[in-house]
Protein chains: 2
Amino acid sequence: MLTYSEENYLKTIFHLSLGQQQGISTNAIAAKIETKASSVTDMIKKLNEKKLIKYQKYQGVTLTAEGLLAAKMIVRKHRLWEVFLVDKLGFSWDEVHDVAEELEHIKSEKLINKLDAFLEYPTQDPHGDPIPNAKGEIKQVDKKLLSEVETNKIVICVGVKDSSSEFLQYLDKQKISLGSKIEITDIEPFDQSYTVKIDNHNITITKKIASNLFVKEQ
Amino acid sequence: MLTYSEENYLKTIFHLSLGQQQGISTNAIAAKIETKASSVTDMIKKLNEKKLIKYQKYQGVTLTAEGLLAAKMIVRKHRLWEVFLVDKLGFSWDEVHDVAEELEHIKSEKLINKLDAFLEYPTQDPHGDPIPNAKGEIKQVDKKLLSEVETNKIVICVGVKDSSSEFLQYLDKQKISLGSKIEITDIEPFDQSYTVKIDNHNITITKKIASNLFVKEQ
DNA sequence: ATTAAAATTTAGGCAAAGCTAAAAATATAT
DNA sequence: ATATATTTTTAGCTTTGCCTAAATTTTAAT
Ligand SMILES: [Mn+2]
Ligand SMILES: [Mn+2]
Ligand SMILES: [Mn+2]
Ligand SMILES: [Mn+2]
């Protein structure tokens, strides 16, 4: 049985491992989890002992098959709870993360599978992130950043890279949501600002915004 | 902010205090929480320090107003989650307690109030226990034990005193549920066994069963 | 009123998970 | 290649919540 803290470490290593070849560094984990490197070393030893990660002193860590599955199950729970909070309880997408951080640690496979059914097996969470199924399989949809899309091409917003409430609230204010139709009409060479058409209104956004919106081509 | 453990102690003291004048003893708490008396003494000191309970060495403890409200909020969460599990996720009434023991510690007032609304403000949990409202008010319905009812009086089952899964599964087997119409047709003097009519079938139950069913007179 | 039993508290310790400060290993720059 | 900087680990300490064993207080029995 994993502790609350062990689960958070596994989840963090999982997130840091996405699109990453090498092992994850002690400092990277410490930064993400907002703790000290020495605390990370302690926990790393414990997870290694439990064969959830592979660890060689000074070489960083990688998840074992068992650790990977455990991490995916936590992510699955986190994202399913986020869907529940938004779809059933009427939370907005910028309010759900912190509560889901707690709910993801509730230990009941039956609960999470019944919740999954109740929500009708969603494949994405409110931020467009994929929800692993009960076996841990993740259906990857191909998406790219808006900043990588050429001008005058109509794309659909399907996710956010940064899901901080600050960014999400900015998107609300600009009436950008998952499903919005987006077209870059112009990029200003001087400051790299983007003029974009969102559904039916035109606005200007910075490159930073464009680099945090996932879109798919139709 | 209360810890998981502090919350469990407050809840336990609350349950033990129902229909009780004196302070709650260290041993009573230890038994309920399945821990050692010395551990209880430790925690009691901490809760006393935080002014959640009143404590005099060797004299037992009582909840302060603040402690009482905190305890009621935990009970509220526990019971609302039980309703959710049964009504929305399709759990049976004997499966929900352990999961609710975890869910009751999720810290979000917004969550619990939205859940309350989603469930349409239930006043009883799946075991017939009252659910405190957001202010901590508990609507007491008057009920008595089946063992205290006279023969040939038709009553309605409204709750269970013992809500262990063993007892609940026994009730399922006997087709006794909340809302069942019950009439004691006879009590055997020799072994105090009860012949009862449940809705439309007649069965025999022991006095122990009759002493664990709450009923209301119509 | 003593004495025995039961309940409660104290003393001392342990494991988990964190911390700071110092030592050791690795990476980088000259 | 060597010196410096950065990263990582180790050592030792803290808090929380639990434990056992011993001491103390209260209660019950003679
Ligand atoms: Mn989240
Ligand atoms: Mn999310
Ligand atoms: Mn319960
Ligand atoms: Mn209940």
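Both backbone and side-chain heavy atoms feed into the values below; hydrogens, waters and symmetry mates do not. Letters A, B, ... mirror the listed sequences (proteins, then strands); counts begin at 1.
In this model, the phosphate group of C/dA6 is not approached by any side-chain N or O of B/Asn27 to a distance below 4.0 Å at OP1 or OP2. Contact between the side-chain N/O atoms of B/Lys45 and the OP1/OP2 oxygens of C/dT9 is not found at any separation under 4.0 Å. At D/dT8, none of the side-chain N or O atoms of A/Tyr55 fall inside 4.0 Å of OP1 or OP2 (strictly under the cut-off).
Whole-Å rounding puts the B/Glu7 CD to D/dT16 P distance at 16 Å. Summarising the geometry, the separation between CD on B/Glu49 and P on D/dT16 is reported as 12 Å, rounded to the nearest angstrom. Protein atom CE of A/Met1 is 15 Å distant from nucleotide atom P of C/dA16, rounded to whole Å. Remark: P of D/dT16 and OH of A/Tyr4 are 18 Å apart, rounded to the nearest angstrom. At whole-Å resolution of the value, CD in A/Gln22 and P in D/dT7 are 14 Å apart.
Taking CD from B/Glu101 and CD1 from B/Ile74, the interatomic distance works out to 10.5 Å, rounded to the nearest 0.5 Å.
Across all strands shown, A/Thr41 has heavy atoms under 4.0 Å from base atoms, whether or not it also approaches the sugar-phosphate.
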Each nucleotide of nucleotides 18-26 of chain C classed B (base within 4.0 Å of a protein heavy atom), S (only sugar-phosphate) or -, in 5' to 3' order, makes BBB---BSS
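Across B/Arg79, B/Lys77, B/Lys11, a single residue satisfies salt bridge (Lys or Arg N to Asp or Glu O under 4.0 Å) together with B/Glu104, and that is B/Lys11.
With a 6.0 Å cutoff to the six-membered ring centre and a 45° limit on the axis angle, A/Lys88 does not count as a cation-pi contact of B/Phe118.
In B/Asp191, the CG atom is crowded: over 12 heavy atoms of neighbouring residues, nucleotides or ligands sit closer than 6.0 Å.
Between the side chain of A/Lys114 and the backbone N or O of B/Gly90 there is at least one donor-acceptor pair closer than 3.5 Å.
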Begin with the C-alpha distance, continue with both residues' side-chain angles, and end with the deciding distance and a verdict on side-chain contact (heavy atoms from CB on, under 4.5 Å) for A/Asn8 and A/His105. CA-CA 9 Å; A/Asn8 277 337; A/His105 300 288; 3.1 Å; yes
